Amino acid sequence: MEDNHSCTALNYFSKAAQAGEFLVTAEVAPPKGGNPSHMMEMAATLKGRVHAVNITDGSRAVLRMSSLVASAILLQQGIEPICQMACRDRNRIALQADLMGAHALGIRNILALTGDPVKAGDHPEAKAVFDLEAVRLLQLIRKMNQGFDCNDKPLTDGATDLFVGAAVDPQCASWSGLQSRFERKIEAGAQFFQSQLITDFERLEKFMDKIASAYNKPILAGIFLLKSAKNAQFINRCVPGVNIPEHIIDRLAKAKDPLEEGVKIAAEQVQTARQLCHGVHMMAVKREDLIPQILDLAGVAPVNQVLV
């Protein structure tokens, strides 16, 4: 039988990153249930507008379909995924098994995460694993790409070929902690970074100038679509490390159409981020279909995506 296990792989995202293009990714949550049609519908609206679609892995420790399976479904539709992989729910055996499976399915982009605490989610009594955390997961993936498991035993049926990224939070309260963890992730093999929701662009600029500029790795600023003043206030209360400024909340509160105003604010933030870093990571929970409109307003052209 002909070996065609990786024939469906897409690797436009890594090519665009290595070519220095302005990168655009967007976050899409897997379904809560067995029907992926809504996820596929949302992801389809992003085709040709983003380099890759980021599939969350139990974000906020809330139960959803496996990110690996959801990524494979999108890949079948010709949409390049970035498969998030969190350490919270798997030990090192399961992580390696899923990473080998991702490669075999043609999934080439992985975002290595520690994972949100179980108590934050909808199964607070579940047992957390955390056998590894993000830096050690990055180190593990680097070994697998070199043809070895985490015990330095050969992968007798072939190395993986994964383009791996990590999260970064330029708004972290501890500057020294931010720098240390970012540099450790670089040393462990991170090839790109997606940031948390950015509201303080002066802080992002300082991070880019003082820390990131030395390493020449793509940094994608997290841009979040705020749907209303109430939505912004909820995020301030419930998302650690995020402080949406009062002037933005007031602007949403005074708007005749808060959602339309939120689209304008997001577009302005994309334009600001474009002057500071290498790309944007778009988050529009349950309204991913509005991301093309935000990108149009920001003057970001469609992606000339070709299969390579």
Side-chain angles (χ1 to χ4, degrees), residues 8-13 23-86 88-90 98-99 101-113 115-116 120-123 162-165 167 192 194 196-197 220 222-227 231 234-235 239 259 262-263 266 279-296 302-303 305 307:
T8 57
L10 304 179
N11 62 354
Y12 183 70
F13 176 66
L23 300 171
V24 183
T25 61
E27 193 163 284
V28 172
K32 186 159 188 175
N35 184 352
S37 60
H38 179 70
M39 175 194 73
M40 291 164 63
E41 182 184 331
M42 289 295 101
T45 68
L46 302 170
K47 208 168 182 179
R49 296 311 310 259
V50 302
H51 293 89
V53 172
N54 194 300
I55 301 297
T56 58
D57 183 16
S59 178
R60 296 184 295 112
V62 172
L63 171 66
R64 286 186 177 272
M65 181 185 285
S66 154
S67 59
L68 178 60
V69 172
S71 294
I73 291 169
L74 292 192
L75 193 61
Q76 290 173 348
Q77 305 301 311
I79 298 168
E80 183 167 357
I82 299 173
C83 180
Q84 289 190 11
M85 199 157 290
R88 178 190 57 241
D89 306 322
R90 308 169 180 85
D98 281 352
L99 289 162
H103 173 91
L105 288 166
I107 296 163
R108 291 291 179 264
N109 309 307
I110 302 290
L111 192 73
L113 302 171
D116 298 316
D122 59 355
H123 287 63
L162 301 170
F163 187 65
V164 61
F192 69 95
Q194 290 180 333
Q196 311 288 9
L197 186 168
L220 282 69
I223 306 295
F224 192 93
L225 171 63
L226 297 167
K227 303 180 187 73
N231 178 218
F234 172 82
I235 289 167
V239 181
L259 181 59
V263 167
V280 287
H281 175 53
M282 307 298 298
M283 294 170 276
V285 179
K286 297 181 181 177
R287 290 309 310 264
E288 293 87 356
D289 57 304
L290 291 175
I291 289 174
Q293 184 181 336
I294 294 169
L295 295 171
D296 284 341
V303 171
Q305 194 161 20
L307 302 187

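Because the structure is a prediction, the values reported are computed rather than measured.
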Using the side chain to side chain contact (heavy atoms under 4.5 Å, CB included) rule, take Leu162 and Asn109 through it: C-alpha gap first, then chi angles, then the decisive distance, then the call. CA-CA 6 Å; Leu162 301 170; Asn109 309 307; over 6 Å; no

Gln84 and Ile110: CA distance, side-chain angles, deciding distance, side chain to side chain contact (heavy atoms under 4.5 Å, CB included) verdict: CA-CA 6 Å; Gln84 289 190 11; Ile110 302 290; over 6 Å; no

Checking side chain to side chain contact (heavy atoms under 4.5 Å, CB included) for the pair Gln194/Leu111: CA distance, chi angles, key distance, verdict? CA-CA 9 Å; Gln194 290 180 333; Leu111 192 73; 3.5 Å; yes

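Within the structure, salt bridge (Lys or Arg N to Asp or Glu O under 4.0 Å) contacts touching residues 28-42 (residues at least two apart or in different chains) are Lys32-Asp122.
Considering only heavy atoms from C-beta on, Val28 stays 4.5 Å or farther from Asn54 through its side chain. Using a 4.5 Å heavy-atom threshold, the side chains of Glu288 and Leu225 count as separate. Using a 4.5 Å heavy-atom threshold, the side chains of Arg108 and His103 count as touching. Looking at heavy atoms from C-beta onward, Ile82 lies out of side-chain contact with Ile107 at the 4.5 angstrom threshold. In this structure the side chain of Val53 reaches within 4.5 angstrom of the side chain of Ile55, judged on heavy atoms. At a threshold of 4.5 Å between non-hydrogen side-chain atoms, the residues Glu27 and Thr56 count as touching.
Listed here is the closest heavy atom pair of Ala26 and Ile291: CB-CD1, 3.7 Å. Nearest heavy-atom pair across Ile294 and Val263 is CG1-CG1, 3.8 Å. Shown here for Gly78 and Lys47, the closest heavy-atom pair between the two residues is O-CE, 3.7 Å.
Taken to the nearest 0.5 Å, the CG atom of Asp89 stands 10.5 Å off from the NE2 atom of His123. With rounding to the nearest 0.5 Å, the separation of CZ in Phe224 from CE in Met282 is 11.0 Å. Here the CD1-CE distance, from Ile79 to Met42, works out to 11.5 Å after rounding to the nearest 0.5 Å. Atom CG of Asn11 and atom CD of Glu80 lie 6.5 Å apart (nearest 0.5 Å). The line from CG of Leu197 to CD1 of Ile223 is 8.0 Å long, rounded to the nearest 0.5 Å. In this structure, OG1 on Thr45 lies 10.0 Å from CZ on Arg287, to the nearest 0.5 angstrom.
Just one residue in the list Ser66, Pro30, Cys83 forms a side-chain contact (heavy atoms from CB on, under 4.5 Å) with Ser71, and that residue is Cys83.
Side-chain atoms of Lys227 do not come within 3.5 Å of backbone N or O of Ala284 as any donor-acceptor pair. The backbone N or O of Asp116 sits less than 3.5 Å from a side-chain atom of Arg88, completing a donor-acceptor pair. Of the possible polar contacts, none joining the Arg49 side chain to the Val303 backbone as a donor-acceptor pair under 3.5 Å is found. Between the side chain of Asn231 and the main chain of Leu226, no donor-acceptor pair closer than 3.5 Å is present. Between the side chain of His51 and the main chain of Leu23, no donor-acceptor pair closer than 3.5 Å is present.
Aromatic ring orientation, Phe192 versus Phe163: parallel (interplanar angle below 30°, classes split at 30° and 60°).
Taking Asp57 as the reference, Arg90 meet the side-chain hydrogen bond (donor to acceptor under 3.5 Å, both in side chains) condition, with sequence neighbours excluded.
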